[in-house]
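Down below is the structure, laid out as C-alpha cells.
Naming: A, B, ... by sequence-line order, numbering from 1 per chain. Nothing here was measured: the structure is a model prediction, and the numbers come from that model. Side chains included, hydrogens not; waters and symmetry mates left out as well; all remaining heavy atoms used.
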Amino acid sequence: MIKIQKENFNVETEIESIKSLYSDIGAVTTFIGYVRDTNNNKIVKSINLEVYEEMALKELNKIIIKAKQKWSLIDCLIIHRYGNLKVNDKIVLVASFSKHRIDSFESCNYIMNYLKKDAPFWKKENYNNESKWLTNTN
Amino acid sequence: MIKIQKENFNVETEIESIKSLYSDIGAVTTFIGYVRDTNNNKIVKSINLEVYEEMALKELNKIIIKAKQKWSLIDCLIIHRYGNLKVNDKIVLVASFSKHRIDSFESCNYIMNYLKKDAPFWKKENYNNESKWLTNTN
Amino acid sequence: MQIKYFAWIKDITLCDEEKLDDIKINDIENLKLFLINKYPNLKKHIQQKILRFAINKEYISNNSNLKNDDEVAIFPPVSGG
Amino acid sequence: MQIKYFAWIKDITLCDEEKLDDIKINDIENLKLFLINKYPNLKKHIQQKILRFAINKEYISNNSNLKNDDEVAIFPPVSGG
C-alpha cells in the first residue's frame with residue numbers, strides 16, 4: 001500500500017492494519033524518517049515537501065514490484081508526507097512484511113534507496129532568514 | 001534502553017518515548033518479530049518463550065555497546081517478550097535511532113543478528129498434540 | 001501539451017505549469033530549446049544535464065517524441081525520504 | 001554453587017536450578033562429569049558440545065575455575081528474536 005498524505009501517521013496503527021491481514025508474517029522491518037533540527041550546520045526551522053503525486057505513486061509502485069521480484073515479501077507499506085513539516089515531524093515510513101527477517105531487512109533498505117533516488121519529492125529547508133532546496137546524495 | 005517483559009507493547013509509543021528526547025534524530029530503523037501460524041510445515045498454536053533474564057539484559061547491553069562503537073547511533077531500544085505468546089503476537093522490537101539512514105539500518109540488522117545468536121532466550125512451539133524447542137539457525 | 005515544473009525550477013519559470021498547445025514542439029530536444037529561449041536562467045541547468053524529464057509520469061533518458069496530449073514534467077534531482 | 005538449567009535441559013534435570021554447596025566441584029570440566037553422572041541423559045549433549053555454559057551471566061568458552069558463590073548456567077543453543 002502506498003499513501004501520499006499531508007497528515008501525520010501512527011506507526012503502530014499503520015503496521016497493524018497490514019499485519020492483521022496475514023498470520024504468516026514473522027518479520028517486519030520499518031524505516032521512519034524525521035525532520036531534524038540541524039542540517040549542514042544550519043538550524044532548521046521547518047521544511048516544505050513538494051511532490052509530483054501521480055508520478056510518485058507510479059514510481060513507488062514500481063519500486064515495490066521490483067522488491068517483490070527480488071525478495072519473498074508478503075506486503076509492503078510506504079507512507080510519504082508532503083506540505084509544511086516541523087522539526088521532529090515524521091516524513092516517511094517504509095515497512096516490509098515477510099515470513100523471515102532477511103527478506104524484510106533487505107527489501108526495506110532497497111525500497112528506501114530507490115525512493116530517495118527516483119521518487120519525485122523535493123525538500124526545501126527553511127532556516128532563520130533563508131531557504132534552500134535539497135538534493136539527495138548517496 | 002532494554003526491556004524484557006511479558007506484556008505487549010505499542011510500537012508508536014515506544015519509538016516516540018525515545019525519539020521525543022532528541023531533535024537530531026533523522027532516521028529510525030525498527031525490526032518487529034511476530035509469532036507465525038506455521039513453522040516447519042506445522043500449525044503453531046502458541047509459543048512459550050523462556051529467558052535467563054539477568055544474563056539477557058547483560059548480553060543485550062553488550063550488543064548495544066558494540067553497535068554504538070561501530071555506527072554513529074543516538075540511541076537504541078530493544079524490547080523482548082517472554083512467557084506464553086499466541087499466533088500474531090509481537091515477540092521482539094529492535095529500534096536504532098541515528099542522524100542518518102545507513103547507521104540506523106546497519107546497526108538494527110547487526111543487533112538482531114547478535115540477539116538471535118547470543119541472547120539467552122528459548123522458544124518452545126506448541127502444536128496440536130506436541131511441543132518442540134527451537135534452535136536459531138543462520 | 002502540458003508542461004509541469006517542480007521545486008526550484010518554479011522559481012525560474014514563475015509558474016507551476018503551462019499549456020503549450022499552439023506551439024509546435026515535437027520532441028524533448030525542441031522543448032529544451034524552447035525553454036532556454038523563454039527562460040534564459042534555465043539554460044545552464046539544462047546544459048549541465050542535471051534536470052530530469054518525465055513524459056506522462058515516466059522518466060525518459062533519451063530524446064523522445066512528444067504528442068499534443070502529453071504531460072511533460074521538468075524537475076531537479078529529487079530529495080524525498 | 002548455584003546451577004541453573006534452561007529450556008529442554010530442564011526436561012532432563014527435572015528442576016530449574018539446584019544448589020551444590022557441599023559437593024567439591026572446582027571447574028567446569030568437573031561440573032560436566034558431575035552432571036553426566038547425575039543425569040545420564042545429558043551425556044550425549046555434553047559430549048557433542050552443543051550446550052553453552054555461563055558463569056555469573058557471562059559466556060565461557062574454555063574450562064574455567066568455579067568458586068563456591070558462582071552462579072553457573074547450562075543451556076542449549078538459543079532461539080530468541
If you look at every heavy atom in V78(C) and D118(A), which pair is closest and at what distance? CG2-N, 4.1 Å
Checking an interface table here. Which of residues 32-42 of chain C come within a heavy-atom distance under 4.5 Å of chain A? none
Within residues 8-22 of chain C, which residues come under 4.5 Å of chain A, heavy atom to heavy atom? W8(C), K10(C), D11(C)
Counting only heavy atoms from other residues, nucleotides and ligands, does the tally under 6.0 Å from [atom1] of [X] exceed 12?
X      : atom1 : value
K42(A) : NZ    : yes
I23(C) : CD1   : yes
K68(A) : NZ    : yes

Are the side chain of [X] and the backbone of [Y] linked by a donor-acceptor contact shorter than 3.5 Å?
X       : Y       : value
S79(C)  : N136(A) : no
H80(A)  : G80(C)  : no
W122(A) : P76(C)  : yes
Y52(A)  : Y5(C)   : no

Tell me, side chain or backbone of [X] under 4.5 Å from chain C's heavy atoms, or both, or neither?
X       : value
N48(A)  : neither
L134(A) : both
V51(A)  : backbone
E50(A)  : side chain

Quick one: pull up NZ in K57(C) and NZ in K58(A) and give me the separation to the nearest 0.5 Å. 6.5 Å
Rounded to the nearest 0.5 Å, how far apart are CZ of F6(C) and CH2 of W133(A)? 10.5 Å
Is the shortest side-chain N to carboxylate O distance from K62(A) to E58(C) below 4.0 Å? yes
Is there a side chain to side chain contact (heavy atoms under 4.5 Å, CB included) between E54(A) and N56(C)? Walk through the geometry before answering. CA-CA 9 Å; E54(A) 307 94 314; N56(C) 301 325; over 6 Å; no
